[in-house]
Visitor: 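Please find one structure pasted underneath; my questions will follow.
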Amino acid sequence: MPGSPRTSVSAEHFDKVYRSKPDPWGTLHKPYEQEKFADTAALLPAGRFRSALEIGCGVGALTRLLAPHCDQLLATDCSAAAVEQARQHCADLPHLTFGTLRVPGELDAKSLPAHLADPLDLIVMSEVGYYLSGPDLDVTAARIAALLRPGGNVRWRIGSMTSPAPRPPRKPPRRS
């Protein structure tokens with residue numbers, strides 16, 4: 001896979017993957033993937049979110065689980081092919097909108113639809129972080145913070161860890 005700790009994986013790579021195989025990670029049918037997304041949705045606080053952004057929607061598996069919690073949800077991916085699959089998978093959910101969004105470059109209020117230009121109540125980024133370089137991940141985190149309303153919620157999933165926000169690194173144990 002193109003990319004390294006110093007370079008992010010390109011949108012072109014993901015377009016190629018999604019065009020060569022629908023649902024390339026099996027998020028719509030593999031039990032592990034379904035449980036992972038259910039766990040992410042279960043961590044949402046009670047209540048509804050007025051406006052939400054999903055970064056890295058893929059084919060829309062997590063999008064469907066987020067939708068019942070949101071008045072408006074913009075599901076995005078850097079791959080136009082993935083966005084089209086997500087749009088088809090969630091066609092019965094009229095309060096969703098879809099769009100391509102490259103992070104961190106396009107992650108700002110100017111790139112969002114006008115109805116979502118106000119600070120967001122919820123931002124979810126699942127399974128995206130490890131495709132970004134360290135510097136791009138830092139910029140993405142800062143831009144997420146800038147888009148979020150005070151008291152808003154972030155769900156950030158990298159690998160098997162889901163947390164409300166990135167945690168600072170632990171201090172190494174002291175050696176005597």
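Heads up: numbering here begins at 1 and tracks the sequence. The shown structure was predicted, so the numbers you read here are calculated from the model rather than taken from an experiment.
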Visitor: Using modelled atom types and a 3.5 Å cut-off, is there a donor and acceptor pairing between side-chain atoms of R155 and backbone atoms of S126?
Guide: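 Such a contact is absent between R155 side chain and S126 backbone.
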
Visitor: Does the T76 side chain pair with the main chain of T100, one donor and one acceptor, at a distance under 3.5 Å?
Guide: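 No.
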
Visitor: Answer whether the closest heavy-atom distance between the side chains of D136 and V103 falls below 4.5 Å.
Guide: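 No, their side chains stay 4.5 Å or more apart.
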
Visitor: Considering the options L28, V59, T63, which one meets the side-chain contact (heavy atoms from CB on, under 4.5 Å) requirement together with H89?
Guide: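 Between H89 and the candidates, side-chain contact (heavy atoms from CB on, under 4.5 Å) is satisfied uniquely by L28.
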
Visitor: Would you confirm whether the ring centroid of Y18 sits within less than 6.0 angstrom of the ring centroid of W25?
Guide: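 W25 vs Y18: aromatic centres under 6.0 Å.
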
Visitor: Determine yes or no for a side-chain-to-main-chain donor-acceptor pair under 3.5 angstrom, with H95 supplying the side chain and A67 the backbone.
Guide: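 Yes; at least one donor-acceptor contact below 3.5 Å.
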
Visitor: Any ion pair linking E12 and R102 (charged N to carboxylate O, less than 4.0 Å)?
Guide: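 Salt bridge present between R102 and E12.
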
Visitor: Which heavy atom of A52 sits nearest to which heavy atom of C70, and what is that distance?
Guide: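 The answer is CB-SG, 3.7 Å.
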
Visitor: Determine, for R87 against D77, whether the closest basic-nitrogen to carboxylate-oxygen distance falls under 4.0 angstrom.
Guide: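 So R87 does not pair with D77 through a salt bridge.
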
Visitor: Hydrophobic clustering (ILVMFWY, side-chain heavy atoms < 4.5 Å, transitive) - are L107 and L137 grouped together?
Guide: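 Linked, L137 and L107 end up in one cluster.
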
Visitor: Answer yes if L73 and L120 sit in the same cluster of Ile, Leu, Val, Met, Phe, Trp and Tyr residues linked by side chain heavy atoms under 4.5 Å apart, and no otherwise.
Guide: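 No, L73 and L120 fall in different hydrophobic clusters.
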
Visitor: Just by modelled atom types, is the R149 backbone N or O under 3.5 Å from a matching donor or acceptor in the D121 side chain?
Guide: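 Side chain of D121 to backbone of R149: no pair is present.
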
Visitor: Indicate every side-chain donor-acceptor pair of residues 141-148 with a distance under 3.5 Å to a residue at least two apart or in another chain.
Guide:
residue, atom, partner, partner atom, Å
R143, NH1, P104, O, 2.5
R143, NH1, G105, O, 3.4

Visitor: Looking only at heavy atoms, which two atoms of L65 and A38 are closest? And how far apart?
Guide: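 Closest heavy-atom pair between L65 and A38: CD1-N, 3.7 Å.
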
Visitor: Sub-3.5 Å donor-acceptor pair from the side chain of T27 to the main-chain atoms of D23, do we have one?
Guide: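 No; judged by distance alone, with no hydrogens or angles, the pair does not exist.
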
